[in-house]
Number of protein chains: 2
Amino acid sequence: MDTDVRNEIKADHRPDVSLGRRSPLAKTRIVVADRNVITRVGLRSILERNAGMAVVAEATTYDAVLDAVDEHGPDVLIIDLDLGDDTTRGLKLCEEVTDRYPATKILVLAQKLSEMIVVEALRRGVTGYLCKDDVKADELGKGVRSVQDGETVLGKGVGSMVARGLGSTRGQAEHLTDRELEVIRAVAAGLSNKQIAQQAYISESTVKFHLQNASRKLNAHRRAEIVHRANAAGLL
Amino acid sequence: MDTDVRNEIKADHRPDVSLGRRSPLAKTRIVVADRNVITRVGLRSILERNAGMAVVAEATTYDAVLDAVDEHGPDVLIIDLDLGDDTTRGLKLCEEVTDRYPATKILVLAQKLSEMIVVEALRRGVTGYLCKDDVKADELGKGVRSVQDGETVLGKGVGSMVARGLGSTRGQAEHLTDRELEVIRAVAAGLSNKQIAQQAYISESTVKFHLQNASRKLNAHRRAEIVHRANAAGLL
DNA sequence: TGACCACCTAGCCAAATGGCTAGGTGCAGG
DNA sequence: CCTGCACCTAGCCATTTGGCTAGGTGGTCA
């Protein structure tokens, strides 16, 4: 049943979901992506026992998520965007999934709330955003159902974050370049501009240049604030 | 041997564990403390299904942990020290449990690794420290068993952290005062000493004074580093 | 009573930072 | 080919900082 028709490039005809609305007979089919085994087991247990859904695959890497979605064409992808060390890849992944598998809804289950990540995720078609520590057991099932029905589900505190985020950073949150991140990390380690310059084989002027740009992008004015915001955004 | 003799104040007679060494017949009895329901369910599932242990209680607050340990006298307490907003209370809790219930071993299951927390926890009698994201399913059961047998279990990266931590900060990690924390938070927000002084109704000199002290305690030399370390220690 | 601690203040000086203008290169995509 | 972008450099100047010495108060605890 939940196979067939899957062939060619990345063809996707969703087997169970036939007419937009799910049938009361078919179980909601879910792919869980999280690098934490405890979370994966917990999610499976809650969703299958309490909510009567089916977790058809688990993934722990960005690549595995794509494979799983491609293979199973789930109704909902529950994902912690922080799989590898690069959260940006998680965002790209969302874009790719909503683009190539529009029938699969995405519910982000984040460890911590980052305004930038929330805003960027929603911009990329994510329709649900919950925070692991805040979510109650029954909210999970309800959230998945809502997301599956096309509703947008935002957990505690996420909503206001979105309002502020979309308001302040109209356009889009510019993302830091590699060099900028490198410099910020050095700043966080307590190095002076001169030390950073030596370490990176660039001039002190260049260090200041990168920091100025990072300041603008992060809307900070002091290096301590840069470090704080970069941290909050999960960039360090 | 390491049971009985417990009476009065918080009397507790351990039901299953009779003679220090667990019998192969008795299931290991566990209390799980974590504010995240997904993690609690996941832990229960892994420990009960895969490792043949029994989770006799779950707790989500510091007080509830004490109650649960008092009521059930478990073999092992698995806890995420970050229960409320004050991680220090988690450390105090460890001290209290090891003090009042020496037969109950503590296994910390942390979300993120903080050198300060690790060192302080071990100093307070914690015998296991694992990181949620790194732990494999089978390591959990093994870890619990080891801890129960009195062995010290340190997860990936924790060991080296302990070495560095105990080496550098011999004595003990001094903890920040309220004022110092207040100032650091303001620094993280990007305020200058002058602005912080106005906000806190103190002189600029005093702000510098507090920052100097905080620098020493956190072993940092620049405000950006102070913010970073305070953040890493879960103080902000 | 004395010791300790958190807290507060002052002033000095070298060094670091922030904020700015005004340039340069190489590479990728329309 | 032109544009944009990441990256790099220089210099100027006011402000902030780091690091220091040298004091003060009030509360707590032995």
Side-chain angles (χ1 to χ4, degrees), chain A residues 86 88-89 91-92 95 116 120 169 171-231 233 235-236, chain B residues 86 88 92 169 171-231 233 235:
Chain A
D86 181 10
T88 312
R89 279 207 58 190
L91 292 172
K92 286 202 197 94
E95 202 167 0
M116 174 186 146
E120 290 300 307
T169 333
Q172 53 186 324
E174 302 180 83
H175 76 285
L176 301 174
T177 67
D178 293 342
R179 240 352 182 196
E180 284 158 3
L181 260 186
E182 185 185 343
V183 171
I184 292 175
R185 271 188 262 260
V187 168
L191 277 61
S192 71
N193 289 342
K194 190 176 297 187
Q195 291 173 306
I196 298 171
Q198 292 171 341
Q199 196 185 57
Y201 301 105
I202 55 180
S203 84
E204 201 177 328
S205 299
T206 308
V207 174
K208 292 178 71 173
F209 169 80
H210 288 307
L211 281 175
Q212 293 279 341
N213 289 329
S215 295
R216 180 177 39 72
K217 292 179 183 176
L218 292 171
N219 194 32
H221 301 277
R222 289 232 180 351
R223 47 178 47 208
E225 195 181 5
I226 295 177
V227 167
H228 186 57
R229 298 216 180 223
N231 230 332
L235 267 9
L236 305 183
Chain B
D86 181 9
T88 312
K92 287 202 197 90
T169 332
Q172 53 186 325
E174 302 180 82
H175 77 284
L176 302 174
T177 68
D178 292 343
R179 240 353 181 194
E180 283 158 2
L181 259 187
E182 185 185 343
V183 171
I184 292 175
R185 273 188 263 260
V187 168
L191 277 61
S192 70
N193 290 341
K194 191 177 295 186
Q195 291 173 306
I196 298 171
Q198 292 172 342
Q199 194 184 57
Y201 301 105
I202 56 181
S203 84
E204 202 177 326
S205 300
T206 309
V207 175
K208 292 179 71 173
F209 169 81
H210 288 307
L211 280 176
Q212 293 279 341
N213 289 329
S215 294
R216 181 177 39 73
K217 292 178 182 177
L218 293 172
N219 194 32
H221 302 277
R222 290 236 179 350
R223 44 178 48 207
E225 195 181 6
I226 294 177
V227 167
H228 186 57
R229 298 216 180 223
N231 229 332
L235 267 10

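In what follows, chains carry the letters A, B, and so on, assigned in the order in which the sequence lines appear, proteins first and then strands, with residues in each chain numbered from 1.
Taking all atoms of both residues into account, the shortest heavy-atom contact from Ser203(A) to Ala197(A) is C-CB, 3.7 Å.
Test Lys217(A), His210(A), Gln212(A) against Glu180(A) for side-chain hydrogen bond (donor to acceptor under 3.5 Å, both in side chains) and you get one pass: Lys217(A).
Within 4.0 Å (heavy atoms only), Asn213(A) reaches no atom of the nucleic acid at all.
Between Glu182(A) and Asp178(A), every side-chain heavy-atom pair lies at or beyond the 4.5 Å cut-off. Side-chain contact check for Leu218(B) versus Ile184(B): some heavy-atom pair is nearer than 4.5 Å. Leu235(A) places a side-chain heavy atom less than 4.5 Å from the side chain of Leu176(A).
Between dG19(D) and Ser215(B), no contact under 4.0 Å exists linking OP1 or OP2 to a side-chain N or O. Between Arg222(B) and dG18(D) there is no side-chain polar atom (N or O) within less than 4.0 angstrom of OP1 or OP2. Using a 4.0 Å cut-off, no side-chain N or O of Asn193(B) falls inside it from OP1 or OP2 of dT16(D).
A salt bridge does not link Glu225(A) to Arg222(A): none of the charged side-chain nitrogens sits closer than 4.0 Å to a carboxylate oxygen. Salt-bridge formation is not detected for the pair Glu204(B)/Lys208(B): no Lys NZ or Arg NE/NH1/NH2 atom is positioned less than 4.0 Å from an Asp or Glu carboxylate oxygen.
Interatomic distance, CD1 of Ile196(A) versus CG of Leu211(A), reported as 6.0 Å (0.5 Å rounding). Going from atom CG of Asn193(A) over to atom CD1 of Ile202(A) covers 9.5 Å, rounded to the nearest 0.5 Å.
Between the NE2 atom of His221(B) and the P atom of dT17(C) there is a distance of 14 Å, given to the nearest Å. Rounded to an integer number of Å, the gap from Lys194(A) NZ to dT17(C) P is 10 Å. Straight-line distance from the CZ atom of Arg223(A) to the C1' atom of dG19(C): 14 Å, rounded to whole Å.
Listed in residue order, the members of residues 178-185 of chain A having a heavy atom less than 4.0 Å from DNA chain C come to none. Of the residues in residues 198-212 of chain B, those placing a heavy atom less than 4.0 Å from an atom of DNA chain D are Lys208(B), Gln212(B), in numerical order. Using a 4.0 Å cut-off on heavy atoms, none of the residues of residues 224-231 of chain A approach DNA chain D.
Side-chain atoms of Gln198(B) do not come within 3.5 Å of backbone N or O of Gln195(B) as any donor-acceptor pair. No donor-acceptor distance shorter than 3.5 angstrom exists from the side chain of Arg223(B) to the backbone of Ala188(B), with no hydrogens or angles considered.
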